[in-house]
Protein chains: 2
Amino acid sequence: MSATQYARIKQALRTRIESGELRPGDRVPSENQLVTQFGVSRMTARRALLELAEDGLLTRTQGLGSFVADNRPVSSITQIRNIAEEIRQRGHLHSCRVLGLETLVTDAALALKLGLAEGEELFRSELLHLENDVPLQWESRYVRAQLAPGYMDQDFTAHTPSAFLSAVAPLTEADQTVEAVLPGQAVAAALQMPTDQPCLKITRRTFSHRGVVSLAELWHPGERYRLGSHIDT
Amino acid sequence: MSATQYARIKQALRTRIESGELRPGDRVPSENQLVTQFGVSRMTARRALLELAEDGLLTRTQGLGSFVADNRPVSSITQIRNIAEEIRQRGHLHSCRVLGLETLVTDAALALKLGLAEGEELFRSELLHLENDVPLQWESRYVRAQLAPGYMDQDFTAHTPSAFLSAVAPLTEADQTVEAVLPGQAVAAALQMPTDQPCLKITRRTFSHRGVVSLAELWHPGERYRLGSHIDT
DNA sequence: AAGTGGTCTAGACCACTTG
DNA sequence: AAGTGGTCTAGACCACTTG
């Protein structure tokens, strides 16, 4: 349940779009129809449609209506690669196991890491990404509930969290750190690697125009993963 | 003249920000103050502030007010940092020990790694960079003699190889990979770290307009070094 | 207690597209 | 002429921050 009316309406429309019930080019309910359907004022219905348009899910034309936007090109940022796409580009099979899903509230430590206030609602997902059935990435992600309603209802074996997040809260900025560390027992077990072999760990914080969206820890077996980049001045 | 009220307000605030009258961190008029100043309703004043926040010019906090945002840093991962500058920027002492210097000729393996023909003359330097006398980076570098004559005569305790190379063969391109690995005996000893602790290893190939200039391996104790980057779309 | 931004209402007039 | 989105008003209650 969303805390606000406009978020409720946005989520309802988003679900209909993502399920395929509403396809690109289809007209979505008008502001006045949403007023009736959801029992809100027009300004509230309007806000839902405006924000979906901002996120790139709708296009709106005065006198005509609001329409589901064409599937956007996936490359919003080339620097941050989606692990699933990366694996598929190598011609390999990507699969994903969901190890955990929970809802929690920021304590002091988490608030500091994320740059948020204490007591804000978060989702947390813990996933394992495999390349040809060999573990490649252990992903632990905190997501700001407010900016990504519906996160907990996603099927992450079909679409990565990144893909969902870039749809609901398009990336405007990110910062990340890369470290070499030893894995803990749990991470080593998940990645099927010894605890005395190094991991490449990426800690990445992503932002949309509405602020921090998520904080992800991505652990990779040092043996099986390298980070490449090309620089053009 | 703007056609709409909210655009008029936005333009007025933007002018004050861009002129420097309002500086990063300064509070801008509240919604209610704008209502009085511009003779509009609060929803209209609000829209002006919201859109400026979306554009990244303002940050807004409930209970506090709206403030001119900090100038966005334009740093990107496309930046190759000089280890000496990086250390000095932290306000620490950089020092460097020359562990080895030699001249050699590419064999088959080296030719492949560098993307050169066999039998080309190379310089090789092996250095240790310290931060406040604690080892931070072990640097092994192959340099194409043809493009960097005089390399062997440099005093690397005064200027890093990067600094010299960027002067004689300006960087046009680079590719690099980042890995988590265990150090060998020699590297661990140089870095004063145990052999069972991970290293962050960067392998970087640099190009000038005349082709490959150098290939560097940069080893860092995982404990003491992290790689940060900021991405702006 | 006073001020801030966040959400929401129930209206209004308008420009625009279509049938 | 009927419906759409675009702009705007004058209120309301709320959560949050500070003095």
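Values in this document were obtained by computation on a predicted structure and should not be read as measured data. In what follows, every chain begins at residue 1, and chains take the letters A, B, ... in the order their sequences are listed.
- For B:M43 and D:dT9, the CE to P distance is 11 Å, given to the nearest whole Å.
- Between B:R60 and B:E31, at least one side-chain N (NZ, or NE/NH1/NH2) sits under 4.0 Å from a carboxylate O, which counts as a salt bridge.
- At the phosphate of D:dG5, neither OP1 nor OP2 sits under 4.0 Å from any side-chain N or O atom of A:R46.
- Side-chain contact of A:H129 with A:E139: a donor-acceptor pair under 3.5 Å is present, judged by distance alone.
- Spacing between atom CD of A:Q62 and atom C1' of C:dT18 amounts to 14 Å, rounded to whole angstrom units.
- Between A:T44 and A:G63, it is A:T44 whose nearest contact on DNA chain C lies nearer the 5' terminus.
- Atom CZ of A:R60 and atom P of C:dC16 are 16 Å apart (whole Å).
- Phosphate contact (OP1/OP2 of C:dC16, side-chain N/O of A:T61, threshold under 4.0 Å): absent.
- Pair assignment for D:dA12: C:dT7, on the basis of Watson-Crick or G-U wobble contacts that are both within less than 3.5 Å.
- Across all non-hydrogen atoms, the minimal contact from B:A180 to A:L200 is CB-N, 3.6 Å.
- Base pairing of C:dT18: its partner is D:dA1, meeting the Watson-Crick or G-U wobble criterion (both donor-acceptor distances under 3.5 Å).
- We find that CD1 of A:I9 is positioned 13 Å from C1' of C:dT9, with the value rounded to whole Å.
- Contact between the side-chain N/O atoms of B:Y6 and the OP1/OP2 oxygens of D:dC8 is not found at any separation under 4.0 Å.
- Taking 4.0 angstrom as the limit, B:R47 places a side-chain polar atom (N or O) nearer than this to OP1 or OP2 of D:dT7.
- Distances shown here put a side-chain N or O of B:S30 below 4.0 Å from the OP1 or OP2 atom of C:dT4.
- The CG-P distance, from A:L64 to C:dA15, rounds to 18 Å in whole Å.
- Contacts of A:G119 with the nucleic acid, taken as non-hydrogen atoms under 4.0 Å apart, are absent.
- In this entry the distance linking CG of A:N32 with P of C:dA12 reads 13 Å, nearest Å.
- In this model, a donor atom of one side chain and an acceptor atom of the other lie less than 3.5 Å apart for A:T157 and A:D155.
- Rounded to an integer number of Å, the gap from B:E31 CD to D:dC14 P is 18 Å.
- The side chain of A:S41 contributes no N or O atom lying less than 4.0 Å from OP1 or OP2 of C:dC8.
- In this model, the phosphate group of D:dT9 is not approached by any side-chain N or O of B:R42 to a distance below 4.0 Å at OP1 or OP2.
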Could you go through B:Y6 and B:F38, starting from their C-alpha distance and side-chain angles, then the distance that decides it, and tell me whether this counts as ring-ring contact (aromatic ring centres under 6.0 Å, His included)?
CA-CA 10 Å; B:Y6 71 84; B:F38 288 87; over 10 Å; no
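- Between the C1' atom of C:dG5 and the CD atom of A:Q146 lies a distance of 13 Å, rounded to the nearest Å.
- Contact annotation: B:S66 reaches the phosphate of C:dG5 (side-chain N/O to OP1 or OP2, under 4.0 Å).
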